[in-house]
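Presented below is the structure to which this report refers.
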Amino acid sequence: MLQIITPIFVIFVLLGCGGRNAKHKDDYAQTRKTMVKTQIASRGVSDPRVLKAMEKVPRHLFIPKHLIDEAYSDYPLPISEGQTISQPYIVARMTELAQLKGDEKVLEIGTGSGYQAAVLSLLCKEVYTIEIVEKLANFAEQKLKELNYHNVYVRYGDGYLGWTQAQPFDVILITCAPPTLPESLIVQLKNGGRIVAPIGEEYATQILTVFEKIDNKLVKTEHEPVRFVPMKGLIEQDK
Ligand code: SAH
């Protein structure tokens, strides 16, 4: 009897340990280091906190399983529902433009996979993120919870309305492209705060733009051209 039980016990223990190791082991840590060096720092992102956050967040866990080998490639990837997760460099660039110090309340419009929200959550106090596609909002909420990003709050809804109950925000990051800056978001931004957003009607004309609220007036700085999915919602319904 003991002869049968012993091998079964050994197999059970080995499987148990293997499972635990697989859960904690991060096979992609080195790949992320390389990504930060060759795709992000090399293009001029230099905030050490941003670089560190990009090194930490397991991007491969936010994308569809069949694309896992491309998780750290230098391009955007499809998630589902016809949406995309931005290229790693763009996530880092927008995060750097947000100039987070650690105690901010941040609103993100366009949760998508939840990846950008995870990066932001390591750099500020709280992240509120809104997604207009219910399936994506649910997936991201579940994923962020599973990975212990406890300071991120996900809501299924229309970003054009902002998040009234949680306002005002120090920083607002829009990761889909509105033709012009939505008025409600300007109202929900603190004086002294900033909005980072791709602005533009067509894919070909979007510009990454920073708006700073100084003495309750907006000061705009335009950066490089970008390509984001359009921001859907109120304006589209009005058409
Ligand atoms: N930040 C995401 C990628 C964003 S893709 C990530 O890290 O994965 C843009 C997302 O914006 C899409 O998921 C799209 O459904 C969403 N979106 C478009 N219009 C929106 C709106 N009005 N309110 C909230 N989300 C919107």
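Whatever order the structure lists them in is the order used to number ligands and atoms, beginning at 1. What you see is a predicted model; the values in this text were computed from it and never measured.
Residues Pro178 and Ile199 have side chains in contact (heavy-atom distance under 4.5 Å, counting atoms from C-beta outward). Here the side chains of Gln165 and Arg155 are in contact, with some heavy-atom distance below 4.5 Å. A heavy-atom distance below 4.5 Å is found between the side chains of Val45 and Val50.
At a 4.0 Å cut-off, at least one heavy atom of Glu108 sits close enough to ligand 1 to count as contact. Under the 4.0 angstrom criterion for non-hydrogen atoms, Thr111 is in contact with ligand 1.
Ring geometry for Tyr128 versus Trp163: interplanar angle over 60°, hence perpendicular rather than tilted (30 to 60°).
The existence of a salt bridge linking Asp103 and Lys125 is excluded, since no basic side-chain nitrogen approaches an acidic carboxylate oxygen closer than 4.0 Å. Salt-bridge formation is detected for the pair Arg194/Glu212: a Lys NZ or Arg NE/NH1/NH2 atom is positioned less than 4.0 Å from an Asp or Glu carboxylate oxygen.
Within ligand 1, the atoms closer than 4.0 Å to a non-hydrogen atom of Gln116 are 1 (N), 7 (O), numbered from 1 in the order shown. Of all atoms in ligand 1, numbered sequentially from 1 with element shown, those under 4.0 Å from a heavy atom of Gly159 are 21 (C), 22 (N), 23 (N), 24 (C). Interface atoms of ligand 1 facing Thr175, defined by a heavy-atom separation under 4.0 Å, are 1 (N), 4 (C), 5 (S), 9 (C). When each atom of ligand 1 is checked for a heavy atom of Val229 under 4.0 Å away, the hits are 9 (C). Counting atoms of ligand 1 from 1 in the listed order, those under 4.0 Å from a heavy atom of Ser113 are 6 (C), 7 (O), 8 (O). Set against the non-hydrogen atoms of Ile85, the atoms of ligand 1 under 4.0 Å away are 8 (O).
By heavy-atom distance, the residue among Val133, Thr84, Val57 lying nearest atom 3 (C) of ligand 1 is Thr84.
Within the model, atoms OG of Ser80 and NZ of Lys135 stand 5.0 Å from one another, a figure rounded to the nearest 0.5 Å. Atom CG of Leu67 sits about 13.5 Å away from atom NE2 of His60, to the nearest 0.5 Å.
Checking side-chain atoms of Ser73 against main-chain N and O of Tyr75 turns up no donor-acceptor pair under 3.5 Å.
Residue-level proximity to ligand 1 for Ile132 is carried by backbone and side chain together, each with a heavy atom below 4.0 angstrom. Residue Met231 touches ligand 1 through backbone and side chain together, judged by heavy-atom distances below 4.0 Å.
Between Glu131 and ligand 1, a contact under 3.5 Å exists for at least one N or O pair. An N or O contact shorter than 3.5 Å is missing between Leu136 and ligand 1 by distance.
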